[in-house]
Amino acid sequence: SAQFRKYLKKDQITEIVGRSKDEIDRITTFFEKHNIKVEGVHPHRDWVFVSATKEQIEKVFECELSAFSNARTGASKIGVKSSYSIPSDISDLVNFVAGMNTFSFGHWDAITSVEATAASVTPQSIYDNYQVPTTGSHGSKLGSQAVVEFGRTANFNEEDLQTFFGKLQPSLAGETCGVVYGKNDGTGRPSVEANLDVQYIMAAGPYVNTTDYKITGSSSIEDEFLDYTILVNSQNQPPLVHSISYGEYGGSYDNTTDQQFSYELQKMGIAGVSVLLASGDNGVGCNKDGSSQEFDYPSSPYITMVGATYIDSVTKKEVGATLSSGGFSKDFMQASWQASAVNAYFKSGVALPDEDYYKPGRAYPDVAAYGQNVQVVASGAVKAVSGTSCSAPIFAGIVSLINHELMSVGQPPLGFLNPWMYANPQMFTDVTSGSNPYEKCSGFQAAPGWDPVTGLGTPLYPKMLDAAFAAAGVQRQH
């Protein structure tokens, strides 16, 4: 396409998606007429933020609000009991009201159990097996990267970061992670999850400017993800690569919120931002009687979902991890760019699970990286951690290094990754062994080509770099 990687600035995106001044005035005047305070308008002019009492909301949106509590997590929030209506005065301008129908189910974090034969993974494993370069010095890399943390306790510890460098990658000693939004309080008990994210995105993307988002304030995972994307789309120069190790499975999600979140991701993509998400740690997921798989949230096709592998300590080969979440979403249909790869999997003759799954849905993961027996530092000590929470920041750091190489010759960054990845399967190591059963569900088997355990495979940096330059129509200097 002639528009490939021709990214838009914030004001250009606003011209595409934003409401006119007159339309915004209509909306704000409506709320002011009902004594509802307008707190602000998003820079893209596609969100209006208001604050109101329970009574005002119930009257304007013809609904009944109630407090809800999650029996599984203990979280609570205010939401509508059944449905709400958008007033006819503004129904031609307003599509939906955020937070009304979203309820948290639960979420997954980094885990400490490992496959019995999983060899330990350190930054050197990434450099050796994924052929990732480590050259550079402080401030020498173009581009930027960020980890995204959710919840008040998701704090990384700077002392642990320096201990990690000292023990496992001494050349990075003194490199630090800033905070682009929120407040990181790593002085108390640090979060293993946040430590892992920061340590491994910086190890895999050495010397790239790294920052942290700290998203708090909502008890619903759908609202948290939507808040995050709205925030990023309001920033003038957000980090170019984002790694998220947060999600859940088995819930029932509000489709309107889901589609809005995916829309916000598309805006991030056309601004040149890459977003990578840990696919989850529950294999295929499974309902109580084992008759049907459960899919993971979020699963938008406009996010790159990363599954997990491990190094077999005997064969030294990479294997798809049992925990690696994969399968087919019921929130989104299969994307056109992955159709050929997914169809090839079903035609390969591989044994398929007996339980139900939604074959036409968005297939995931897209790719994979190490996610078992990964060595991190927490509270001053090295410990093994497992989960796709390891895989996402590793892959994200590698993407950041490719961005640096592209930007060094005046090319734009990679941006939205998925179509490019599916068009270039040669830039991955094809992982053909492993499976992802969960509880009573048998799960999928890894196979040649894309599969629902490891996606297209794990990164080979030199081949990814070649494909990135080829897509840009630029000759790479070796």
Worksheet entry | Presence of salt bridge, Arg45 and Asp11, under 4.0 angstrom | no
Item to complete: Could I get the full list of ring-ring contact (aromatic ring centres under 6.0 Å, His included) partners for Phe165, not counting sequence neighbours?
Response: none
Discussion item. Salt bridge or not between Arg152 and Asp185? Use side-chain N to carboxylate O under 4.0 Å.
Written reply: no
Discussion item. Would you call the rings of Tyr345 and Phe444 parallel, tilted or perpendicular, taking 30° and 60° as the class edges?
Written reply: perpendicular
Worksheet entry | Donor-acceptor contact present, side-chain Ser274 to main-chain Val241, <3.5 Å | no
Discussion item. Would you say Thr304 and Asp366 are linked by a side-chain donor-acceptor pair, where the criterion is simply a distance under 3.5 Å?
Written reply: no
Discussion item. For the backbone of Ser262 and the side chain of Ser300, can you confirm whether one donor and one acceptor N or O come within less than 3.5 Å of each other?
Written reply: no
Fill in: Ser329-Ser299 side chain donor-acceptor pair, cut-off 3.5 Å
yes
Practice prompt. For the pair His44 (side chain) and Thr14 (backbone), establish whether a donor and an acceptor sit closer than 3.5 Å, ignoring hydrogens and angles.
Written response: no
Discussion item. Checking the side chain of Thr28 only, and the main-chain atoms of Asp25 only, is there a donor and an acceptor separated by less than 3.5 Å?
Written reply: yes
Worksheet item: Is NZ or CZ of Arg19 both nearer than 6.0 Å to the six-membered ring centre of Trp47 and within 45° of the ring axis?
Response: no
Worksheet entry | Those residues that, when tested against Asn35, pass side-chain hydrogen bond (donor to acceptor under 3.5 Å, both in side chains) (two or more places apart) | none
Discussion item. Working note: Ser51 + Glu39, criterion side chain to side chain donor-acceptor pair (under 3.5 Å); need CA distance, chi angles, decisive distance, verdict.
Written reply: CA-CA 7 Å; Ser51 58; Glu39 300 286 356; 2.6 Å; yes
Discussion item. In the structure I gave you, are the side-chain heavy atoms of Lys359 and Phe346 within less than 4.5 Å of one another anywhere?
Written reply: yes
Practice prompt. For the pair Lys59 and Glu55, find out whether any cationic side-chain nitrogen is under 4.0 Å from an anionic carboxylate oxygen.
Written response: no
Worksheet item: Checking salt bridge (charged side-chain N to carboxylate O under 4.0 Å, His left out) for the pair Glu264/Lys267: CA distance, chi angles, key distance, verdict?
Response: CA-CA 5 Å; Glu264 297 294 330; Lys267 290 198 293 179; 3.2 Å; yes
Discussion item. Do Thr458 and Glu318 pair up side chain to side chain, a donor and an acceptor below 3.5 Å, judged on atom types alone?
Written reply: yes
Fill in: Aromatic Tyr181 / basic Lys214 pairing, under 6.0 angstrom, 45° off normal
no
Fill in: Backbone of Ala146 reached by a side-chain donor or acceptor of Thr210 within 3.5 Å
no
Item to complete: Under the salt bridge (charged side-chain N to carboxylate O under 4.0 Å, His left out) rule, collect the residues that match up with Glu64, sequence neighbours excluded.
Response: Lys81
Fill in: Distance-only polar pair, side chains of Ser245 and Asp197, donor-acceptor under 3.5 Å
yes
Fill in: Any side-chain donor near an acceptor of the partner, Tyr228 and His242, under 3.5 Å
yes
Practice prompt. Scan side-chain atoms only and decide if Glu224 and Tyr246 contain a donor-acceptor pair under the 3.5 Å cut-off.
Written response: yes
Worksheet item: Is a side-chain donor-acceptor pair under 3.5 Å present for Glu193 with Ser389?
Response: yes
Worksheet entry | Donor-acceptor pair, side chain of Thr211 and main chain of Val179, under 3.5 angstrom | no
Worksheet item: Any sub-3.5 Å donor-acceptor pair from Ser325's side-chain atoms to Asn282's backbone N or O?
Response: yes
Worksheet entry | Sidechain-backbone polar pair: Asn195 side chain, Asn157 backbone, donor-acceptor under 3.5 Å | yes
Worksheet entry | Sequence neighbours excluded - side-chain hydrogen bond (donor to acceptor under 3.5 Å, both in side chains) pairs with any residue from residues 330-344 | Gln338-Tyr422
Worksheet item: Taking atom types as modelled and ignoring hydrogens, do the side chains of Tyr302 and Asn418 form a donor-acceptor contact shorter than 3.5 angstrom?
Response: no
Worksheet entry | Set of ring-ring contact (aromatic ring centres under 6.0 Å, His included) partners for Phe156, sequence neighbours left out | none
Fill in: Val17: which of Ile270, Asp46, Asn233 passes side chain to side chain contact (heavy atoms under 4.5 Å, CB included)
Asp46
Fill in: ring-ring contact (aromatic ring centres under 6.0 Å, His included) partners of His34, counting only residues at least two apart
Phe30
